[in-house]
Amino acid sequence: DIVLTQSPALAVSLGQRATISCKTNQNVDYYGNSYMHWYQQKPGQQPKLLIYLASNLASGIPARFSGRGSGTDFTLTIDPVEADDTATYYCQQSRNLPPTFGGGTKLELK
Amino acid sequence: EVQLVESGGGLVQPGRSMKLSCAASGFTFNNYDMAWVCQAPKKGLEWVATISYDGSSTYYRDSVKGRFTISRDNAKSTLYLQMDSLRSEDTATYYCARWAPKGGVMDAWGQGASVTVSS
């Protein structure tokens with residue numbers, strides 16, 4: 001299985017930039033696409049898709065969110081961070097079965 | 001508006017069975033593969049199973065193979081997860097999710113159904 005590694009937590013100030021990383025133990029690129037996706041989950045809620053195929057903004061997601069990366073290294077950036085962004089963020093790969101998730105990064109405000 | 005509504009969760013004894021349902025609306029259900037994802041208390045997300053748009057193909061994580069069965073009724077726009085021989089480690093919130101054609105991403109999620117396996 002492909003293993004995805006995220007830092008457990010990140011604290012940023014309102015209005016600053018948050019950069020959340022996700023590293024995989026195998027390349028998740030295939031035929032020009034990076035099969036990496038990002039989700040936001042607030043306490044007591046279901047996950048919500050933010051970014052698909054590494055850098056594509058999902059429908060209805062504000063442009064403060066962006067994703068980049070390829071191969072084995074990916075980042076989700078939130079700039080500027082707003083109070084409503086406090087949540088846990090998960091990366092997920094779909095290059096190989098089984099699809100796997102990172103352990104999640106909890107974003108908190110300083 | 002895309003909606004996925006799970007039902008059927010609750011408390012069940014180890015070794016017993018439970019069946020979850022997920023009613024879909026707001027999109028053409030039989031055009032999409034569907035999946036179940038679980039989340040144990042205070043833990044991260046784990047994919048459980050996926051079924052193709054027509055039900056002809058199914059995929060499972062190793063820990064549930066032979067115990068869980070994913071199925072669908074396209075006439076009713078409903079996804080199912082039959083869970084047999086339940087174990088305490090199956091305790092989790094189970095989400096149904098729409099599996100988008102664009103690269104295996106889950107682009108819509110239900111609110112989840114809580115399953116507790118305990119005597």
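Every chain is numbered from 1 and lettered A, B, ... according to where its sequence line falls, protein lines coming before strand lines.
Inter-residue side-chain proximity for A:Y90 and B:Q39 is flagged as met; some heavy-atom pair is nearer than 4.5 Å.
Annotation: the span from B:L45 atom CG to A:Q41 atom CD amounts to 5.5 Å, rounded to 0.5 Å. Atom-to-atom distance recorded for A:D1:CG and B:R61:CZ is 7.5 Å, nearest 0.5 angstrom.
Cluster annotation: B:L86 is connected to B:L20 through the hydrophobic network of ILVMFWY side chains, with a link wherever side-chain heavy atoms come within less than 4.5 Å. Note on A:Y52 and A:L50: separate hydrophobic clusters, where clusters join Ile, Leu, Val, Met, Phe, Trp and Tyr whose side-chain heavy atoms are under 4.5 Å apart, directly or indirectly. At a threshold of 4.5 Å between side-chain heavy atoms, the hydrophobic network of Ile, Leu, Val, Met, Phe, Trp and Tyr places A:Y89 and A:M36 in one connected group. Linking ILVMFWY residues whenever their side-chain heavy atoms come closer than 4.5 Å, directly or via other members, places B:L79 and B:Y94 in the same cluster. Taking hydrophobic clusters as Ile, Leu, Val, Met, Phe, Trp and Tyr residues chained together by side-chain heavy-atom distances below 4.5 Å, A:F101 does not share a cluster with A:I20.
Ranked by heavy-atom pairs under 4.5 Å with chain B, the list A:Q93, A:Q45, A:H37 is led by A:H37. Ranked by heavy-atom pairs under 4.5 Å with chain A, the first of B:Y60, B:W47, B:Y59 is B:W47. No other option in A:S94, A:P99, A:G102, A:G103 has as many heavy-atom pairs under 4.5 Å with chain B as A:P99.
Other residues, nucleotides and ligands place more than 12 heavy atoms under 6.0 Å from the CZ atom of B:R67. The local environment of NZ in B:K76 is sparse, with at most 12 non-hydrogen atoms from other residues, nucleotides or ligands closer than 6.0 Å. Around the OH atom of B:Y53, the shell of radius 6.0 Å holds no more than 12 heavy atoms that belong to other residues, nucleotides or ligands.
Neither the backbone nor the side chain of A:Y30 comes within less than 4.5 Å of any heavy atom of chain B.
Using a 4.5 Å heavy-atom cut-off against chain A, the contacting residues of residues 104-119 of chain B are B:G104, B:V105, B:M106, B:D107, B:W109, B:G110, B:Q111.
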